[in-house]
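Predicted, not measured: the structure shown is a model, and the values here were computed from it. Only heavy atoms go into these numbers, but all of them, side chains included; no hydrogens, no water, no symmetry mates. All chains are named by letter (A, B, ...) in the order of the sequence lines, taking the proteins before the strands, and each is independently numbered beginning at 1.
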Number of protein chains: 2
Amino acid sequence: MIDIAIFDEHKLVLDGLSVLLSGISDIRIILSCDNRSVLTEKLKSMQIHVLILNMHDISVRNLNLIVQLNISSPKLKILIVSVIDSEEIVLKTIKAGAKGFLGKDSDRNSLLEAIYTLRNGHDYYSKSITHLLLNRYISSLKADDVNQNTDMTSLSSRQIEILKLWGESYTNQEIAERFFISVRTVESHKNHIMQKLNLKSTVDMVKYAIKNNIIEI
Amino acid sequence: MIDIAIFDEHKLVLDGLSVLLSGISDIRIILSCDNRSVLTEKLKSMQIHVLILNMHDISVRNLNLIVQLNISSPKLKILIVSVIDSEEIVLKTIKAGAKGFLGKDSDRNSLLEAIYTLRNGHDYYSKSITHLLLNRYISSLKADDVNQNTDMTSLSSRQIEILKLWGESYTNQEIAERFFISVRTVESHKNHIMQKLNLKSTVDMVKYAIKNNIIEI
DNA sequence: TTTTCCCTTACGTGAAACACGTAATTGCAT
DNA sequence: ATGCAATTACGTGTTTCACGTAAGGGAAAA
C-alpha cells in the first residue's frame, strides 16, 4: 500500500488528479491539499510515501517548499507534475530534491509508473525530461549539497528590496529616497546584483526577477 | 445532453479534468485534446456546446485562440479554467470572447454549474472572479468589438522587431547595426513604443513584451 | 486628388542609468 | 583573529531615457 499526498493550487485540477488515482487498490490518497502552509503542517505528522506536487510556476517559493519538505520529511519522495519543462527548471527541481518529474507528455500510466518507481526508491523522469537531461549527469548533481546555491539564496535581503522597487518601475532616485541612501548606493546594489548573477543587461535582470517571483508581471 | 470538448496542454491534467466529468449522464465528452492546432481543426467539423480551456499562461497565442474559435464556431461557449486570476487577465479573456472563468477556488461542482450555465446561454464566473469584477461593467466590455485592441495589434512590425532584439539584451548600438539604421532611430522607436503603450519605464516595457509573448523569459 | 494619419527615419539637449573600479565600515562565521 | 560578504559611497566615461522637433513615404479617407 502506497500512501499519497497531492498538492495543487487549483482545486479543480487537484480533484482531477485525485480521481485519476482513486481507483487503484494499492494506492491510498491520504491528503489532498491546495494550501501551502496546510500542506507543510500536515505532512509533519503523517507518514506519506509520495507527494505529488503540481507546479504551475517555478518560483523561489516552490523550490524552497521542496527543499524544506526534504529536510522535515526525509523519507518523503516528491514527484513534480508541471507543464513547464525547460531544462533549467527541471534541473532546479532536482537540485532542490525532487525525485521525479512528469512533463506535459505524461498520462495516467506514467503517473502510476512514477509513483511505483519512487516508492521503490528510484527516480522517475518522463520521456521528454529524460531526453532533456541526456547530456547531463543527474547523479553528480544530486551528489551536491541540497542547500547549494540555486540562485535562491544568493541575493541579500537589501538587494531583493531594491530589485523589487526597481521592478515596480521606481527610479534609482526614488529608491534612494525611500531607503535614505545615496543614488550611487542604489547603483552599486544593482551592479552587485548583476555581477553576482552574471547578468548582461537590465533586461536580463527583469527576467531574473520575474522568474524568481521577486517582481510580478 | 451537453457535448463537451476539453483542452489542456498537460495530458495528465487533461485526463484528470476528463475523469471529473465522465460520470455525469447528460454530459458527453466528445473531444479531449492537448494540441492547439488539432483542437482548432477538429472543432470546425464538430457541434460542441462547451469548450473547457485550461490556460496555464495568458499569452497572445491563447487569447487569439479564443478570438479565432469565436469566429469559426460562434455557437461554441468557451469556459476558461486557470490558476491565474488577476483582474487584467480575466478581463482580457472576456474581451477575447470567453463566456466563463473558473479561478483556483473552483471545485467539481463549480465546473458542473458553469457548464450548465453556459449551455443555457448565460455567463459564469467563479466567486473570486465575480468579486474581482464587481466594479466593472462586464456587459459594456462585451458589447465592444471582439477585434478591438487588446494591445495585441498596436505595435508596428518594425517596433516589434526592435523590441524583440532589445528583449534579448541587445544594446541600441547592436540593434542599429543589425538594421543599418542610426542609434538615434532605435531610440526613437523605443520612445514611440513607450508613448504608444503608455509605459513609464523600460522595466514596464520588458513586462509588456513578456506578457505579449514578444520576448521569452 | 488632396489631406490626413501613421510609420520610419533622425537629431538636439539635458537628465538618468549603466559599467567598472575603488574603498571604508560593519557584522558574521570559521 | 582573520576572512568574507553586505552595505554604503564615489569617480569617470559611456549608454540610455525623456521630450521635442522634423522630414519623407505610403495608405486610407475626405
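Salt bridge absent: A:E216 and B:K207 never bring a charged side-chain N and a carboxylate O closer than 4.0 Å. Between A:R158 and A:E161, at least one side-chain nitrogen of the basic residue sits less than 4.0 Å from a carboxylate oxygen of the acidic one, meeting the salt-bridge criterion. Comment: B:R184 engages B:E187 in a salt bridge, judged by a side-chain N to carboxylate O separation of less than 4.0 angstrom.
Distance CD1 (B:I193) to C1' (C:dC6): 15 Å, rounded to an integer number of Å.
Using modelled atom types and a 3.5 Å distance limit, the side chains of A:E113 and A:S110 yield no donor-acceptor pair. No side-chain donor-acceptor contact under 3.5 Å links B:Q47 and B:K75.
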Quiz prompt | Under 4.0 Å protein heavy-atom contacts per nucleotide of nucleotides 9-25 of chain C, with B for base, S for backbone only and - for none | solution = BBBBB---SBSB-----
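The two residues A:S169 and B:D204 come nearest to each other via the heavy atoms OG-OD1, 2.8 Å.
Of the side-chain N and O atoms in B:K196, none sit less than 4.0 angstrom from OP1 or OP2 of C:dC6.
Side-chain atoms of B:L51 and B:I4, non-hydrogen and from C-beta on, never get closer than 4.5 Å to each other.
Comparing the helix axis at one end of the helix from C:dT1-D:dA30 to C:dT30-D:dA1 with that at the other, each defined from 5 consecutive pairs, gives an inter-axis angle of 40° (nearest 10°).
With hydrogens and angles ignored, the 3.5 Å screen pairs a side-chain donor or acceptor of A:K99 with a backbone N or O of A:G97.
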